Amino acid sequence: MTKTSGAERAGGLRTGLRRRHMTMLAIGGAVGAGLFVGSGSVIKTAGPAAILSYAAAGALVLLVLRALGEMVVSRPVAGSLAGYARLSLGPFAGFVVGWLYWYMYVVLVGAEATAGAAILGQWIELPAWMLSAALLIVMTAVNLISVRSFGEFEFWFASIKVAAIVVFLVLGVLYVLGLWPNGHAGLDNLTAHGGFLPNGVTGLLSAIVVVIFAFGGTEIVTLAAAESAEPGKAVARATSNVLWRVGLFYVASIFLVVAILPWNDAKVLTSPFVSALDKMGVPAAGAIMQVVILTAVLSVLNSAIYVTSRMLYVLTRDGDAPAALVKVNRRGVPARAVLLGTVAAWCAVIASYVSPDRVFTFLVNSIGVLLAFMYLAIMLSQLRLRARLRREDPAALTFRMWGYPYLSWLVIAALIVVLISAAVMSSLRPQLIASTVSLLVVAAVYPLRVKFGRKPPVREVEIIRP
């Protein structure tokens, strides 16, 4: 067990994240560009019942975060996901979870840089690859400066997203209540076009499977806890507040979208929030939402670069990556890990222009359902660690998973159902296959790591104490 000072943790990572950073990081992780754009396909699948799809998926993710929060509060560990997999399930699990998580966010960095370039291309007449490179350079520089720099940018990015959603909620409520000029009072659209469940229970369940993956990023706050002044309190506060964030930002906003627009309106599929604002007569709605969506993309890009560097740092610390990558600069930033993640992400960007229909599509598909694998690892780790703590250190269990162990096993069963459903759904089957290939490739590399890699440290993981 390693004790660190209040100014420095995890072998050089600085505690530069403040309470407001952690709060907005948790909110930013829960709200991505998928809410503003991707929700259209969910509404098309489930109809007005998309409200229930978001609520059910949000509840499942909340339980996963509660389990993860229990582990973080009781045993704070740098690189939470891989750290707890290693601590509870063994070195093989730590290796696989860590590298899969790193890979998932590297591809996400490339995908978000490409998406951001597409938006900027509407305003700036430069080649798309150049705009992608500019975004990568800027966000990499932000992460290289210091963890506080990362936190500040994420704070303001998340603030813009939150402000946009709050404004939308206020305007939407006024419109539905008939208090907006030319507003339409009532909730007729919830049942007037084929009923609340126009595509039946199948549509509802299919949408739930899709929505679960839209909540990816909510777990980032637990990874960042190692660089906050009070990791246990920060994570407990953040995970406890996920429910109202999900309820307010996702369920309430989707409720207003389907109340304002018929669910089968073609405009819903393209851009539901813009279409709803246009319906209300808000001037320049499209331009405003494009700025908000760009902010959401930059927020994810910023967070993803941070995640790749910290997860690689943890893999290096545990002997699962080259030792040179563990070095931090004088500001406590693992600069080499940041740069390697950016270079790898740049390869994904190149693939998006050289081979968009094959290589890039495969890369995106290969991370499609990895989040479900990560969630399963979290729940299995929580079950094992909880049993150990009950025997060895019950006083550490100050923040607990509800209904242990029954609710934990129920979540695991639900995640298995999600994976089975993905295998059945033609739209998600390619993602499941590609993600499984990613899992098998990483697992196949582990014997090489055992034979040729560095010996892991004597302690399994580095325990961080405030």
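What you see is a predicted model, and the numbers here were worked out from it, not measured in a lab. Worth knowing before you read on, the calculation uses all heavy atoms, side chains too, and leaves out hydrogens, waters and symmetry mates.
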Please round to the nearest 0.5 Å and tell me the distance separating atom CE of Met139 and atom CG of Leu144.
-> 11.5 Å
Search all heavy atoms of Ser74 against all heavy atoms of Leu389 and return the closest pair with its distance.
-> OG-CD1, 3.3 Å
Between CG on residue Leu363 and CD1 on residue Ile367, distance to nearest 0.5 Å = 8.5 Å
Residue Arg384 excluded, over 12 heavy atoms near CZ under 6.0 Å | no
Flag the pair Thr308 / Tyr313 as yes when at least one side-chain heavy-atom distance between them is below 4.5 Å, and no otherwise.
-> no
Interatomic distance, Ser435 atom OG to Leu439 atom CG [nearest 0.5 angstrom] = 9.0 Å
Worked check of side chain to side chain contact (heavy atoms under 4.5 Å, CB included) between Met311 and Trp99 | CA-CA 8 Å; Met311 187 53 69; Trp99 276 112; over 6 Å; no
Of all the heavy-atom pairs spanning Val109 and Ala345, show the shortest one and how long it is.
-> CG1-CB, 3.3 Å
Under 4.5 Å between any side-chain heavy atoms of Leu385 and Leu87, yes or no?
-> yes
Would you please test Leu301 and Leu136 for side chain to side chain contact (heavy atoms under 4.5 Å, CB included) and show each step?
-> CA-CA 8 Å; Leu301 185 58; Leu136 279 175; 4.2 Å; yes
Thr295 side-chain N/O to Val291 backbone N/O, donor-acceptor pair under 3.5 Å | yes
Shortest non-hydrogen contact from Ala85 to Val97?
-> CB-CG2, 3.9 Å
Backbone N or O of Phe155 within a donor-acceptor pair of the Ser159 side chain at under 3.5 Å?
-> yes
Would you give the length of the straight line joining atom CG of Leu89 to atom CG of Leu383, rounded to the nearest 0.5 angstrom?
-> 9.5 Å
Pair Val73-Thr398, side chain to side chain contact (heavy atoms under 4.5 Å, CB included): steps then yes or no | CA-CA 7 Å; Val73 173; Thr398 58; 3.5 Å; yes
Could you list the residues that satisfy salt bridge (Lys or Arg N to Asp or Glu O under 4.0 Å) with Glu219, not counting sequence neighbours?
-> none
The side chain to side chain contact (heavy atoms under 4.5 Å, CB included) partner of Phe95 among Val445, Val450, Leu100, Asp318 is Val445
Do Met374 and Val64 have side chains that get closer than 4.5 Å, going by heavy atoms?
-> no
Polar side-chain atom of Tyr54 near backbone of Phe255 as donor-acceptor pair, under 3.5 Å | no
Gly319 backbone acceptor or donor facing Arg449 side chain under 3.5 Å = yes
List the steps and the verdict of side chain to side chain contact (heavy atoms under 4.5 Å, CB included) for Ser271 and Met289.
-> CA-CA 9 Å; Ser271 187; Met289 286 308 300; 5.7 Å; no
Closest non-hydrogen atom pair between Thr45 and Ala207, with its separation = CG2-N, 4.0 Å
Does any non-hydrogen side-chain atom of Leu81 lie less than 4.5 Å from one of Leu68?
-> yes
Do the side chain of Ser352 and the main chain of Phe360 share a donor and acceptor less than 3.5 angstrom apart?
-> no
Of all the heavy-atom pairs spanning Ile208 and Ser53, show the shortest one and how long it is.
-> CG1-CA, 3.6 Å
Taking C-beta and beyond as the side chain, do Val333 and Asn143 meet within less than 4.5 Å on heavy atoms?
-> no
With sequence neighbours left out, which residue pairs that include part of residues 360-369 fulfil the side-chain hydrogen bond (donor to acceptor under 3.5 Å, both in side chains) condition?
-> Tyr103-Ser366
From NZ (Lys279) to OH (Tyr175), nearest 0.5 Å = 5.0 Å
Is there a donor-acceptor contact under 3.5 Å from the side chain of Ser132 to the main chain of Ala117?
-> no
Over 12 non-hydrogen atoms of neighbours within 6.0 angstrom of CH2 in Trp156 | no
Inspect the surroundings of CZ in Phe153 and state if more than 12 heavy atoms from other residues, nucleotides or ligands are less than 6.0 Å away.
-> no
What orientation do Phe150 and Tyr306 show, parallel under 30°, tilted 30 to 60°, or perpendicular over 60°?
-> parallel
So do Ser88 and Leu380 actually touch side chain to side chain, heavy atoms under 4.5 Å?
-> no
What's the spacing between Thr140 OG1 and Ile305 CD1 if we round to 0.5 Å?
-> 4.0 Å
With the side chain counted from C-beta on, respond yes when Leu60 and Leu415 share a heavy-atom pair under 4.5 Å apart, and no when they do not.
-> yes
Side-chain donor/acceptor of Arg86 to backbone N/O of Ala93, under 3.5 Å | no
Heavy-atom closest contact (Thr316 atom, Pro322 atom, distance) = CG2-O, 3.0 Å
Mind checking whether Met401 and Leu63 have side chains closer than 4.5 Å, heavy atoms only?
-> yes
